[in-house]
Every structure is written in C-alpha cells, then in structure tokens.
Engineer: 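The structure under discussion is supplied below as structure tokens; questions concerning it will follow.
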Amino acid sequence: MGSIRSRRGLLVAVGTVLALGAASACGSSDDGGGSGSSGGAKGKKVRLITGVKSDPFYITMTCAAQQEAKAKGMDFTADGSAQWDVSVQRPLLDSVAAARPDGLLISPVDTSALTPSLKQIQSAGTKVALVDTTVSDDSVGITRISSDNEKGGRVAADALAKLMNEKGSVIVISVKPGVSTTDARIKGFTEEMGKYPNIKVLPTLYDNDLPATAASQIQSTLAAHPDLGGAFAGNTNTGTGIATGLKQAGKQGAVKVAAFDAEPDEVAALKAGTLQVLVAQDPAAIGRQAVDQLADAFEGKSVSKSIGTDMVAITKDNMNDPSVSKYFYKSQC
Ligand code: T6T
C-alpha cells in the first residue's frame, strides 16, 4: 500500500500502518487558571499525577513531560497511583493541592469522583492540564490532551473484523466503567463492529486493570463461546492478560486480538503472534504538549482547550519500521 500523508485530523494509511492523524487542536482560551502565577515558566512549580505509576504508558508520558519541564526551567515532580482506584489517587491529589503548585498535570482515574477537588485546586490559582484521561465537567482544565480514543476503537474494530474474516464472536475486555479513555475506545469499537452483521459482539467484561483477571476472563469466554474469533483489549494490562490467557489455553493465534497500547510485554506478544494488532498512542506527545500549554498559560499566551495526539496501528509486518517502532512505550526514561 502506498504511503499517503495528510495533515491533521484525517485517517491516513502509510504502508500497512494506519497512522491516525492528530485531531486538530480546537478552541483556545485564556489561561483559565485564576489569578495563579505570572512571569513566565521559569521556576514555576509544576506537579504531574498520572494513572498507574508503573504503567509504561505513563512512564513514557512522564519522561517526556519531565524533559520538557526541565528545558523550560520549571520545578517539576511526578507521582502516580499504585493502582487504578480513586481512593488511591485522591490522597496524592490532596497532598499536591496543599502545596498549591502553579501547575498540575493529571490523569484522573474517574470521570467525576475527583472533580470537586480539581475545581477547588483550580479556583485556588493552580492551572490544571488534563492528560490522557479527563472529567465530565468542562470547567476543569485549561487544556485537555489525549488520543482520539473513539477513533482508535474504530480502527481496532476494522482491523479485527478483517482478521476474523468478518464472522464469529468477539469480546471486549477493559479496565472499569467511568474511565474516559477506555470508555471511548469501547464506544468506537462496538459501534464500528455493528457494520459487520456476521460478527456477534459479546457483553463487555471489566478486569480492574488486572492481567490475571483478563487471562481468566478470556479463558472462560472461550469455554462458553466456541466460535470466539476475536478479542479487543482496552488497554495495556488487559492486552497482556488476554495474551497470557490465550497462550495458557493453547489458543494463541486462533483467537485474533487487537489491543490498545504498545508497552514492552504487548510488543513481545505481537512478535510471538499472540496479539495481532496494537493501537499505539503517543504518550510522550501528550506529556510534552501539556507542559508547553502550561508554559504558554504562565506567559499569558492563549492555550488550546483540546489537543488530539497521534495513534498508529502496529502489526507484525510493520513493527520493525523505525517510523512505527518509535511509538513503543518505555519502562524507564
Ligand atoms: O491506555 C492507557 C491510557 O490511555 C488509559 O487511560 C489507561 O490505561 C493505559 O495507561 C494503559 O495501561
């Protein structure tokens, strides 16, 4: 397939890579962060709270944000939840709030539970950037930066339908309801799968971001649905869990799997033929651009209310292409 490049906002195909052009940055606003601080980015206290700290997606995002913040002379530190749970992330948020930083980048683990705290921090003058995940209340955040997750779900559905020869049952396994990113992926995936009349979409299962749970869920689904031909994993841990479950059941390659993300274990499973498609995001771009937007706000410049970053569909055939492998996530900076 020839390579077609277009600018932003379009689905483009480069070779066998479906590079999903970044959704255009839309809207701009004043800094929205209250009185806050002035006088440029240098010396500004900026804090990052990610989702699961040990997750290579967030490690990759943190490395890039840290590098960008250092280049701008910011006082930057990062932390993250030990697990995907509001009760674990809330104390981190409360301790950051008490220090009243100039800027906060955060991946909220729920679309509403932390909103009151975020509004309080914002009204006290901290400029808030939502990175990756977001909250339902539009008044939170001077900027929101993430992949176009719904589009990524659609790409996964089309790729999986093709691998399944457009027939059989397919299962979606994801983290938990109320996560903006994975909810959007499931929405895009299931709507797109509706275009294939001979594919039956089974009820979505949730694994609480635990690979062992995803492994047992795929095995029990296999037992209950002999015609299971495909699975969609909403994120990293789900992808690696499904790969493990299929390998243990001796079904790797028999059930085709499309998984979001491209952390090292998923890349290894893709190479081994246990996973067939990875929809990789660009967490480094998310982290870098969030720091840039905060710097613009500190300098009194206009800020983009919403920025979409790139995704790439990776297969065994194109994973060695440097323009593709550059999207693999890191486990350390
Ligand atoms: O898929 C990413 C992220 O986009 C999502 O919000 C939560 O899970 C990951 O961090 C991968 O584990």
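Start at 1 and go down the list; that is how both ligands and their atoms are numbered. Start at 1 with the first residue, then count along the sequence.
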Engineer: Hey, is W84 touching ligand 1 through its side chain, its backbone, both or neither, going by heavy atoms under 4.0 Å?
Structural biologist: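 The answer is the side chain.
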
Engineer: Please determine whether any non-hydrogen atom of F260 lies less than 4.0 Å from an atom of ligand 1.
Structural biologist: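 So F260 does not count as touching ligand 1.
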
Engineer: What orientation do F260 and F232 show, parallel under 30°, tilted 30 to 60°, or perpendicular over 60°?
Structural biologist: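 Because their plane-to-plane angle is over 60°, the rings of F260 and F232 count as perpendicular.
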
Engineer: Could you work out, with side chain to side chain donor-acceptor pair (under 3.5 Å) as the rule, every residue matching S169, not counting sequence neighbours?
Structural biologist: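 By the side chain to side chain donor-acceptor pair (under 3.5 Å) rule, S169 matches D227.
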
Engineer: Is it true that D292 and K72 make a salt bridge, defined as a side-chain N closer than 4.0 Å to a carboxylate O?
Structural biologist: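 Salt bridge present between D292 and K72.
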
Engineer: Could you walk me through whether T315 and D317 pass the side-chain hydrogen bond (donor to acceptor under 3.5 Å, both in side chains) check?
Structural biologist: CA-CA 5 Å; T315 64; D317 296 339; 4.5 Å; no

Engineer: For the residue pair D207 and Q217, confirm or rule out a side-chain donor-acceptor distance under 3.5 Å.
Structural biologist: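 No, because no side-chain N or O of D207 sits under 3.5 Å from a partner of the opposite role on Q217.
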
Engineer: State plainly whether the residues R288 and E68 are in salt-bridge range, i.e. N to O under 4.0 Å.
Structural biologist: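 Salt bridge flag = no for E68 with R288.
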
Engineer: Tell me whether D209 is salt-bridged to K176, with the criterion being a basic N under 4.0 Å from an acidic carboxylate O.
Structural biologist: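 A salt bridge is absent here (no side-chain N lies under 4.0 Å from a carboxylate O).
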
Engineer: Non-hydrogen atoms of R185 versus ligand 1: any pair closer than 4.0 Å?
Structural biologist: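 It does; at least one heavy atom falls under 4.0 Å.
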
Engineer: Tell me whether E191 is salt-bridged to K187, with the criterion being a basic N under 4.0 Å from an acidic carboxylate O.
Structural biologist: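 Yes, E191 and K187 are salt-bridged.
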
Engineer: Ignoring angles and geometry beyond distance, decide whether T182 reaches within less than 3.5 Å of ligand 1 through its nitrogen or oxygen atoms.
Structural biologist: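 Looking only at distances, the answer is no, because the N/O contact criterion of under 3.5 Å is not met.
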
Engineer: Could you find the nearest protein heavy atom to atom 8 (O) of ligand 1 and give me its residue, atom name and distance?
Structural biologist: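 Protein heavy atom with the smallest distance to atom 8 (O) of ligand 1: N235 ND2, 3.4 Å.
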
Engineer: Which one holds for E263 and ligand 1: side chain close, backbone close, both close, or neither close, with close meaning a heavy atom under 4.0 Å?
Structural biologist: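 None of E263 does.
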
Engineer: Heavy-atom contacts with Q281 under 4.0 Å: which atoms of ligand 1 show up? List them by number with element.
Structural biologist: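 Going through ligand 1 atom by atom, the ones under 4.0 Å from Q281 are 1 (O), 2 (C), 3 (C), 4 (O).
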
Engineer: Side chain or backbone of E266 under 4.0 Å from ligand 1, or both, or neither, by non-hydrogen atoms?
Structural biologist: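 Within the 4.0 Å criterion, E266 makes no contact with ligand 1.
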
Engineer: Quick one: nearest non-hydrogen protein atom to atom 10 (O) of ligand 1, plus distance?
Structural biologist: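 For this ligand atom, the closest protein heavy atom is D55 OD2, 2.7 Å.
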
Engineer: At less than 4.0 angstrom from any non-hydrogen atom of D261, what atoms of ligand 1 do you find?
Structural biologist: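 Checking each atom against D261, I get 1 (O), 2 (C), 9 (C), 11 (C).
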
Engineer: Can you name the atoms of ligand 1, numbered from 1 with element, that are less than 4.0 Å from a heavy atom of T133?
Structural biologist: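 In order of numbering, the contacting atoms are 6 (O).
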
Engineer: Between D132 and ligand 1, which residue portion shows a heavy-atom distance shorter than 4.0 Å: side chain, backbone, both, or neither?
Structural biologist: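 It is the side chain that gets close, since no backbone atom is under 4.0 Å.
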
Engineer: Quick one, K127 with D102, criterion salt bridge (Lys or Arg N to Asp or Glu O under 4.0 Å). Give me CA distance, side-chain angles, the key distance, then yes/no.
Structural biologist: CA-CA 6 Å; K127 301 185 193 311; D102 299 297; over 6 Å; no

Engineer: Looking at T181, which atoms of ligand 1 are within less than 4.0 Å of one of its heavy atoms?
Structural biologist: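 Contacts of ligand 1 toward T181, numbered from 1: 5 (C), 6 (O).
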
